[in-house]
Amino acid sequence: MSFTSKNLNSVQLEAVKSKNQHILILAGAGSGKTRTLTYRIAYLIHEKNVDPSNILAVTFTNKAAREMKERVEKLAKGNLAKLWIGTFHSMFARLLRMEAKALPYGSDFTIYDSDDQVNAIKKVMSMLNIPQQLHSPKLFQARISQAKNKMISPDKLEVKKDDNFDVLLPDVFRRYNEFLHENNAVDFDDLLLLPMQLFNDHPSILKKYHRKFKYILVDEYQDTNKAQYSLIHQLMSKNSHICVVGDEDQSIYRWRGADINNILNFNKDYPEAKVFRLEENYRSNKYILNGAGALISNNTERLGKDLWTNRKDGDPIILMDAENESDEAKKIVENIHKEMFSKKRSFKDIAILYRTNAQSRALEDELRKNAISYAIVSGVKFYERKEIKDILAYLKVITNPRDSVSLRRIVNFPLRGIGETTVGKIEKFAEALNISLLEGMGKVQEVISISSGMANRVLEFYEMINKYQKSSKKISAAELTSSLTHETGIITHLKNEYDQYESESRIDNVYELFSTIEIFSTEREQEKKDSSLSAFLEDVALLSDIDSMNTTRNSVTMMTLHSSKGLEFPVIFITGMEMGLFPLQRNFADNSELEEERRLLYVGMTRAQENLYLSYARSRRRFNNINYTTPSLFLDEIPSEFTEERLAGSSATGKGKSKRHTRRKKLLEYFHQEDESQEEVTSYAIGSRVYHETFGKGEVIGVEGQGDKMKISIKFEGEVYKKLIAQYANLTPIEISD
DNA sequence: CTTTATGGTTTTTTT
DNA sequence: AACCATAAAG
């Protein structure tokens, strides 16, 4: 049998077999938490005869869900088609489509990605006459998403009355929601909020799911936000069982609304819950584990735990310095070679992690030069490439004719002579008739101000969309996409628009999309699941970076520290260990944010099994200028007994150098400089008046950022809005009496 | 009205 | 690389 001490340690086994209704598993990095969760699901099905359809298991990524499902299948040997396992977003998107009748949305609603969301905001801003130069649409999008994560409605937003942005926010928020509704579209956050609304409005539906989900299991519970927390809470009935797994030290998504209190207060929600602690680490060697442990002990917002390992010593953590980012890349390549020759490792054993995606560039160049095969976990993501997004926009319009954001994207792509002005006219017309933009295009001949020549072009486009809407019910999704791409001239466009090399690569991407759709539909058909175009679009919208990671190719993996959560590799390189980069500049000031950065490094370090390298560069090019850097304060927090320094200055490799003190000093200097630079800059009060050489007199209506990054929004005379960088703008304050 | 060329700006992390 | 604003040409 699988459920014995052969496969699990005693605590794991106890947790797997626990009869308690509510279970909290506090599990350190590498302690086998996913394994425990997987075995528990299998145990429930195989030993306790729980029907898979009564289980809801929520994971953090689709990849994790896929792997967990495969493992449960092997252990439980049952038919798991009815097991609900997936991410919050994909599970509840599925639920929403099933219950669409009770919703004010059609079942073919579109899920807007962040790009679509920003476009929607832009539209809303123009409707409300808010110039984009005044406030960035992205900022509205971020703030609205934050509010939704915290379940704050537009009316309940806390706004600063003297801040122009804050004053506008509730209106933008409200109109944005209305806009989504008109477009039969939802954003990521709605996928969590709408089910709650649905359950509130239809108690019978909630009852149905209360009966259905007798067992709820949640992985990575420390990274759930308020909406996710409440949703799970709502789904729990008196008789249902909940089992959550998490580690407060690995909470790295607080900026996205994750609330660490969800896990810290689990016992308050379920006082009779049984708590299991998994503290034996099976992944990393002693140096790595203890180094990471020492680092994280600097955090105050934690429960605290002692991870231990039975493993032999192994190699210490290697600290490396470099001249600049390309030197850093070179040293990493050197060490990759060393790892391969002396330890017989292959590319796939190695991962390089960084704080920001932009850092991958220098590394890529060097790896390519050395013919090291590498795979980036979504730098420029496949589904975010222009050629792919354009085709997806066609598909979105075909499945959801009310989606005006996608419609606007494709109406003049490839160019067919239908410009902004014409679309604007049709839009006004459609609004007056209370019909969708696409329907308006069908009646374009009724718009007086549009010439018949123009109207014909619009009609031709409209007819084409119409044709594909009809044929979407007959031909396969892949066929439709291929025929559409050729008929619209997208392929020809790609051939002509770019140089040969780029054309080829873009066209390759398009063909890859065709085959992805093909594979998707055949797989779904085999599983007797929804293989429609809208199912495909949903799948794509909810894909996470890590989901598309290719594990079959033998290559070095490169990704952000965030993406690395839940993974493990024999060899890990963590790059850019510099003040301002890791931790990031903007996360210095606030201690909680600094602690989150520290947790992020902790997550990165604990991905390593055998060898861990931490590197920093003395100078680094960022935003096209060279910055001289100071090593990260986190390096100071890893005791030298766990590290070995390979510094360019010092000869060879010595253990536990006494450079610590100077480094600490440097650090203090750094902070000191920071403080000073912030004090020196004049502050600009909102409402105060200033004078600018070119633009004349104006009123300050917004300030963002600090120090040399401070940007000032100003309303100059004659309704001219500008956003200027304080440092360069050379503004002169004017007395108010003026 | 629409298209095209040009230059500036943008990035922290992501479902 | 993608997206904007702007200006000038068709």
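Worth saying up front: this structure is predicted, and the values here are computed from it rather than measured. Just so we're on the same page: letters track the sequence lines, and every chain starts at 1.
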Could you go through nucleotides 7-10 of chain C and list every protein N or O atom that sits under 3.5 Å from one of its N or O atoms, giving the distance for each pair?
none

Looking at the side chain of Thr422(A), which of dT14(B), dT15(B), dC1(B) is the nearest nucleotide? dC1(B)

According to a cutoff of under 5.5 Å between the ring centres and under 30° between the ring planes, does Phe88(A) stack with the base of dT15(B)? no

Would you tell me if any nitrogen or oxygen in the side chain of Lys386(A) comes within less than 4.0 Å of OP1 or OP2 on dC3(C)? no

Round to a whole Å and report the spacing from CG of Asp223(A) to C1' of dT15(B). 12 Å

With Tyr602(A) via ring pair (Phe, Tyr, Trp, His ring centres under 6.0 Å) - residues at least two apart: none

Asn324(A) versus Ser619(A), side-chain donor and acceptor atoms under 3.5 Å: no

Rounding to a whole Å, what distance do you find between His89(A):NE2 and dT15(B):C1'? 4 Å

Rounded to whole Å, the CZ-P distance (Phe413(A) to dC3(C)) equals 11 Å

Within the structure, does a side-chain N or O atom of Asn149(A) lie under 4.0 Å from either OP1 or OP2 of dT15(B)? no

Find every protein N or O atom lying less than 3.5 Å from an N or O atom of nucleotides 4-6 of chain B, and list the pairs.
none

Under the salt bridge (Lys or Arg N to Asp or Glu O under 4.0 Å) rule, collect the residues that match up with Lys123(A), sequence neighbours excluded. Glu427(A)

Could you tell me which residues satisfy side-chain contact (heavy atoms from CB on, under 4.5 Å) with Glu420(A), sequence neighbours excluded, listed by chain and number? Arg408(A)

Using the side-chain heavy atoms of Met454(A), tell me which of these nucleotides is nearest: dT12(B), dT11(B), dC1(B). dC1(B)

Measure from the side-chain heavy atoms of Phe188(A) and tell me the nearest of dT11(B), dC1(B), dT15(B). dT15(B)

Results of ring pair (Phe, Tyr, Trp, His ring centres under 6.0 Å) for Phe536(A) - residues two or more places apart only: Phe520(A)

How many whole angstroms separate atom CD of Gln141(A) from atom P of dC3(C)? 15 Å

The side-chain contact (heavy atoms from CB on, under 4.5 Å) partners of Gln359(A) (sequence neighbours excluded) come to Tyr354(A), Arg355(A), Thr356(A), Thr575(A), Leu581(A), Arg620(A)

Tell me whether the side-chain N/O atoms of Thr560(A) come closer than 4.0 Å to OP1 or OP2 in dT14(B). yes

Whole Å only: how far is the CG atom of Asn62(A) from the C1' atom of dT15(B)? 9 Å

Measuring to OP1 and OP2 of dT3(B), would you say a side-chain N or O of Asn412(A) lies under 4.0 angstrom away? yes

Check: Gln222(A)/Glu220(A) side-chain N/O donor and acceptor closer than 3.5 Å: yes

With sugar-phosphate meaning primed atoms plus P, OP1 and OP2, does Lys425(A) contact a base, only sugar-phosphate, or nothing at under 4.0 Å between heavy atoms? sugar-phosphate

Hydrogens and angles aside, do Tyr383(A) and Asp113(A) bring a side-chain donor and acceptor to less than 3.5 Å of each other? no

Name the closest nucleotide to the Arg355(A) side chain, picking from dC3(C), dT15(B), dT13(B). dT13(B)

Side-chain N or O of Lys122(A) versus OP1/OP2 of dC3(C): is the shortest distance under 4.0 Å? no

Ring pair (Phe, Tyr, Trp, His ring centres under 6.0 Å) involving Phe582(A) - partner list, sequence neighbours excluded: Phe634(A)

Would you indicate which nucleotide in dT2(B), dA1(C), dT14(B) comes nearest to any side-chain atom of Arg506(A)? dA1(C)

When you check the phosphate oxygens OP1 and OP2 of dT13(B), does a side-chain N or O of Asn357(A) lie under 4.0 Å from one of them? yes

Applying side-chain contact (heavy atoms from CB on, under 4.5 Å) to Asn412(A) and not counting sequence neighbours gives Leu415(A), Arg416(A), Ile418(A)

Minimum-distance nucleotide (side-chain atoms of Ser114(A) versus dT11(B), dT15(B), dA1(C)): dT15(B)

